[in-house]
Amino acid sequence: MKIAIVEDEYLASSFLKSILEQQNILQITEITILKSVKEAVLFFTGNPIDLAFMDIHLGDGKSLEIFEKTTIACPVIFVTAYDSYAITVFKHFTIDYLLKPFEEQDLLEALEKFKKIKNTFNSDATLQSLVAIENPETSKVQRHFLVNHGYKLISINENDVTYFVASGKHLFIYANSGNSYLYNNTLTDIIHNLDPVIFFKVNRKYIVNRNIIKEVIKHSNQKIELKLTTSPLETDPIIISKKEINNFKNWLDQ
């Protein structure tokens with residue numbers, strides 16, 4: 001297994017490298033340390049890597065620039081000193097993060113997590129997390145949803161939303177009141193505006209509020225069903241997408 005460390009602080013990269021060389025969770029054959037955006041872009045352009053550790057701020061720029069200039073297909077564990085908002089984003093979108101200053105046990109736990117979920121890694125989510133951190137003004141959480149109800153306009157608070165459901169080309173909001181409302185958006189787009197602590201996109205059809213999950217039924221490792229306190233009008237069971245199962249479990253564990 002090949003690993004890259006993108007870190008411009010010598011002590012931080014040396015500490016990380018020494019732990020990786022001594023651990024026995026992963027069989028590592030090569031560790032490359034990259035100290036700048038420029039070095040990282042050149043390296044990732046021509047070298048396949050199995051796992052990358054990446055600081056957010058580097059001497060010549062930000063990690064986001066690396067993703068903008070080349071393709072990084074491997075999982076990324078971020079090493080950061082960022083605030084609680086960033087941590088919330090990382091928990092939702094990435095395999096894991098290390099909060100500076102971190103201990104050896106923190107790194108070992110991150111490696112164990114990587115080993116379990118590496119096959120379901122989604123590279124798009126990593127880029128999404130960086131965009132959210134670097135552009136907080138464009139990543140504000142939407143707390144209210146304006147809908148039409150007869151001749152009235154109603155603003156629904158996020159706490160009153162039980163779930164979003166896609167039906168054909170339309171998106172509907174289902175509320176605690178039992179009413180449903182047509183909403184001018186798509187499931188794919190609206191998930192980026194929602195609070196990642198409260199809402200989760202379980203499959204191509206549903207985004208659910210964690211507070212209305214009644215039961216999580218494990219039919220098998222690859223088939224998990226949700227039961228909601230407010231049952232959907234449709235009779236088909238809500239099955240979590242296979243590629244989202246591990247992310248869903250991590251979300252419930254927050």
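Nothing fancy with the numbering, it's 1 onward along the sequence.
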Discussion item. Classify the ring geometry of Phe172 against His170: parallel below 30°, tilted from 30° to 60°, perpendicular beyond 60°.
Written reply: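 Aromatic pair Phe172/His170 classed perpendicular.
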Item to complete: Over 60° means perpendicular and under 30° means parallel, so classify the ring planes of Phe67 and Phe78, tilted if in between.
Response: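 Geometry flag for Phe67 against Phe78: tilted rings.
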Discussion item. Is the distance between the ring centroids of Phe145 and Phe164 under 6.0 Å?
Written reply: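 Yes: the rings meet the under 6.0 Å criterion.
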In one Ile/Leu/Val/Met/Phe/Trp/Tyr side-chain cluster, 4.5 Å: [X], [Y]:
X      : Y      : answer
Val216 : Val208 : yes
Leu146 : Ile190 : no
Val6   : Leu42  : no
Ile217 : Ile245 : no
Ile224 : Ile239 : no

Fill in: ring-ring contact (aromatic ring centres under 6.0 Å, His included): pairs with one or both residues in residues 5-38, sequence neighbours excluded
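Every pair satisfying ring-ring contact (aromatic ring centres under 6.0 Å, His included) with a residue in residues 5-38: Phe15-Phe102.
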Using modelled atom types and a 3.5 Å cut-off, is there a donor and acceptor pairing between side-chain atoms of [X] and backbone atoms of [Y]?
X      : Y      : answer
Glu39  : Lys35  : yes
Ser241 : Val202 : no
Gln22  : Ile19  : no
Arg204 : Ala166 : no

Worksheet item: For Leu228, which of Asn209, Thr162, Ile238 qualifies under side-chain contact (heavy atoms from CB on, under 4.5 Å)?
Response: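 Option passing the side-chain contact (heavy atoms from CB on, under 4.5 Å) with Leu228: Ile238.
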Worksheet item: With distance as the sole criterion, is a donor-acceptor pair present between the side chains of Lys243 and Asn246 under 3.5 Å?
Response: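 Asn246 and Lys243 do not have a side-chain donor-acceptor pair below 3.5 Å.
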Minimal non-hydrogen separation, [X] against [Y], with atom names:
X      : Y      : answer
Leu171 : Asn185 : CB-O, 3.4 Å
Leu58  : Ser36  : CD1-C, 4.0 Å
Asp50  : Met1   : OD2-CA, 3.3 Å
Pro48  : Gly46  : CD-O, 4.0 Å
Trp251 : Val197 : NE1-O, 3.3 Å

Indicate yes or no: at least one non-hydrogen side-chain atom of [X] is less than 4.5 angstrom from one of [Y].
X      : Y      : answer
Ile77  : Met54  : no
Ile49  : Phe43  : yes
Ile207 : Leu194 : yes
Phe200 : Glu244 : yes
Phe44  : Leu34  : yes
Ser13  : Ile33  : yes
Asn211 : Ile213 : no
Leu16  : Glu7   : no

[X] side, atom [atom1]; [Y] side, atom [atom2] - distance, nearest 0.5 Å:
X      : Y      : atom1 : atom2 : value
Glu30  : Lys2   : CD    : NZ    : 5.0 Å
Leu111 : Asp106 : CG    : CG    : 11.0 Å
Gln23  : Ile28  : CD    : CD1   : 4.5 Å
Tyr206 : Tyr163 : OH    : OH    : 6.0 Å
Glu21  : Ile3   : CD    : CD1   : 10.0 Å
Leu252 : Arg210 : CG    : CZ    : 6.0 Å

Discussion item. Set out, in order, the CA-CA distance, both residues' side-chain angles and the distance that settles side chain to side chain contact (heavy atoms under 4.5 Å, CB included) for Ile72 and Ile66, then state yes or no.
Written reply: CA-CA 8 Å; Ile72 299 180; Ile66 302 172; 3.5 Å; yes
Worksheet item: Does Glu109 come within less than 4.0 Å of Lys113, counting only side-chain N to carboxylate O?
Response: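 Salt bridge absent between Glu109 and Lys113.
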Worksheet item: Is there a side chain to side chain contact (heavy atoms under 4.5 Å, CB included) between Glu215 and Leu226 once you walk through the steps?
Response: CA-CA 6 Å; Glu215 291 181 321; Leu226 289 187; over 6 Å; no
Please check if the number of heavy atoms outside [X] that lie under 6.0 Å from its [atom1] is greater than 12.
X      : atom1 : result
Glu103 : CD    : no
Lys100 : NZ    : yes
Asn184 : CG    : no

Worksheet entry | Test log, rule side chain to side chain contact (heavy atoms under 4.5 Å, CB included), inputs Ile25 and Lys115 | CA-CA 8 Å; Ile25 298 171; Lys115 190 175 180 180; 4.0 Å; yes
Return all side-chain donor-acceptor pairs below 3.5 angstrom for residues 154-161, not counting sequence neighbours, or 'none' if the list is empty.
| unit_1 | atom_1 | unit_2 | atom_2 | d |
| --- | --- | --- | --- | --- |
| Asn157 | OD1 | Asn159 | N | 2.8 |
| Asn157 | OD1 | Asn159 | ND2 | 3.2 |
| Asn157 | ND2 | His144 | NE2 | 3.3 |
| Glu158 | OE1 | Arg143 | NH1 | 3.1 |
| Glu158 | OE2 | Arg143 | NH1 | 2.7 |

Worksheet entry | Chi angles and distances behind the salt bridge (Lys or Arg N to Asp or Glu O under 4.0 Å) call for Lys227, Glu225 | CA-CA 7 Å; Lys227 294 286 188 181; Glu225 178 184 351; 3.3 Å; yes
